[in-house]
Amino acid sequence: MAFNSKKAPISSSKAIADAASWCCACLVVSLILLCIFSDSSALEDQGNFRGSQVLSKPCDEIYVVREGETLHTISDKCGDPFIVEKNPHIHDPDDVFPGLVIKITPSVHS
């Protein structure tokens with residue numbers, strides 16, 4: 001009888017631990033799925049407005065040149081016609097490469 005009385009608390013503790021483990025596992029899986037779906041819906045929302053908002057949105061003050069961009073396209077995109085004058089480290093306007101960091105000061109349109 002003593003053996004069975006000691007085994008009962010161990011098995012009930014194990015059952016509680018198993019139930020808690022399953023609850024934690026379900027919670028973790030649901031949080032992961034929630035993060036995945038909320039990120040994908042945010043990306044879809046950005047995609048719907050990309051054409052109109054990117055052109056009207058002013059660029060950040062610090063801009064990193066991407067592949068295929070020129071100072072002319074960046075100037076048009078960001079509304080800063082004086083990129084070369086405000087960035088003395090750009091010696092040749094035709095020598096722009098991906099990763100180049102430039103300062104942007106968008107002109108204010110009234």
Rounded distance [0.5 Å steps], CG in Leu27 versus SG in Cys23: 9.0 Å

Shortest non-hydrogen contact between Pro81 and Ser75, atoms and distance: CA-OG, 3.4 Å

Gap between atom CG of Asp76 and atom OG1 of Thr70 - 0.5 Å precision: 8.0 Å

Salt bridge (charged side-chain N to carboxylate O under 4.0 Å, His left out) pairs, two or more places apart, involving residues 81-91: Asp80-Lys86

Nearest-0.5 Å distance, CD1 of residue Ile104 to CG of residue Asp60: 9.5 Å

Verify same cluster id: Ile36, Val28 (apolar side-chain graph, 4.5 Å): yes

Review item, side-chain donor-acceptor pairs of residues 92-103, under 3.5 Å, at least two apart:
unit_1, atom_1, unit_2, atom_2, d
Asp92, OD1, Asp94, N, 3.2

Residues which pass side chain to side chain donor-acceptor pair (under 3.5 Å) with Thr105, listed by chain and number, not counting sequence neighbours: none

Contact check, side chains of Ile16 and Ser13, non-hydrogen atoms, under 4.5 Å: no

Interatomic spacing from CZ in Arg66 to CD1 in Ile74 - rounded to 0.5 Å: 8.5 Å

